[in-house]
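Single-structure report; data block below.
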Amino acid sequence: MNTSHTSSNLKSDLSDKTFLIAGAAGFVPSYVCQNYLEKGATVYGLDNFITGSEENIEILSKYEKFHFEKCNIYESLPDFKDVEFDYILSLASPASPIDFKIIPLEIMRVNSEGTLKLLELASRHNARFLEASTSEVYGDPEIHPQVESYVGHVNPIGPRSCYDESKRFAEALTMSFYNKYKVDTRIIRIFNTYGPRMRPNDGRVIPNFINQALRGNDITIYGDGSQTRSFCYVTDLVNAMEHVLMLGDHMPYNIGNPDEYTIKEAAEFINQALRSDSKLSYSPLPADDPKRRRPNIDRVASLGFSPQVTFEDGLTRTAKFFKEKI
Ligand code: UDP
């Protein structure tokens, strides 16, 4: 799979660079690793497989310059003797609402203690550091679309708080290392992303709806389906992340595709695109489920990024992946 989208202002050869990528076995990070490996970089990946998959590591292990170590980054990092990192990417957090119920403490620990350890390492190595934060820092937003200057509307004790608040803390840690220790930091806020390599039982809306449509099962809409999301195909996200890492500054960047759909429209779109006649079924909306979400991407666009993959193309590619799994 071609994961590299080299725009004219990004370097295509990174063969003299070394990356540390925490969370390498995860859906998004596996594409991030592959992107830099394709550009010739040396990549060290870390993961504890709490939500990541061995299959992703098998894909990456085909690259000679990929090195992997299984570890819990919030407990300790490997002793990287004789390695000098140029870039350290903090991509290790589970991110699906079903994970928030099952592993809240692991999520809070990786985003606090884990991020701290990665930042300390970046400081020692004089490496550029990127924190993969989330649109969840905006909570259930009161302004629309969301701009980076909006400080959010988060419930600190709700079902999403383990993720929202720990990512807010990770952003605060990152800014503190920038301010106090002059670490060269980046923060991206990732909006809803989808694509092949998502877990079939991930629980998020796109894999759920695609798998339901492929099997002819009911499509399970939570609430009345009027809540909105804006869906970004994974390779666009990887490309946007690289623009921020290489060309951005230390202030946060929204990363995503501003194409906004109601959840009901997304269900109908998926039914149509996959030529399925699954019925729509309705169940109660989970607490604190954001009503509207759409990124303002002016900041990352000013670095030369624009999304390339349409919802229809992205869904077709993702459905092909899930079809092969059935
Ligand atoms: N959702 C849904 N049916 C599903 C899964 C999710 O209607 O089977 C809704 C969910 O309530 C939310 C939206 O789809 O409003 C996006 O949910 P997801 O879990 O993908 O991510 P979120 O953006 O909420 O973190």
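Read the numbers this way: they start at 1 and go in the same order the structure lists the ligands and their atoms.
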Q. Hey, is Arg160 one of the residues with a heavy atom under 4.0 angstrom from ligand 1?
A. yes
Compute the minimum heavy-atom distance from Pro290 to ligand 1 and say whether it is under 4.0 Å. no
With backbone taken as N, CA, C and O and side chain as the heavy atoms from C-beta onward, which portion of [X] lies under 4.0 Å from ligand 1: side chain, backbone, both, or neither?
X      : answer
Thr220 : both
Val205 : both
Ile206 : neither

Ignoring hydrogens and geometry, is there a side-chain-to-backbone donor-acceptor pair from [X] to [Y] under 3.5 Å?
X      : Y      : result
Arg299 : Pro252 : yes
Ser123 : Leu119 : no
Gln308 : Asp236 : no

Quick note on ligand 1: atoms under 4.0 Å from a heavy atom of Pro97 include exactly 19 (O), 25 (O)
For Leu280 and Ala267 the tightest heavy-atom approach is CD2-CB, 3.9 Å
Heavy-atom closest pair (Leu10 atom, His243 atom, distance to 0.1 Å) is CD1-CE1, 3.5 Å
Restricting to heavy atoms, the pick from Phe100, Tyr222, Tyr163 nearest atom 4 (C) of ligand 1 would be Tyr222
Any N/O pair Arg204/ligand 1 closer than 3.5 Å: no
- Query: Does the distance from a Lys or Arg side-chain N to an Asp or Glu carboxylate O, for Lys291 and Asp140, drop under 4.0 Å?
  - Reply: yes
### Message
Please report whether the ring centroid of Tyr44 lies less than 6.0 Å from that of Phe19.
### Response
no
Ranked by distance from atom 16 (C) of ligand 1, the top protein heavy atom is Arg229 NE, 3.6 Å
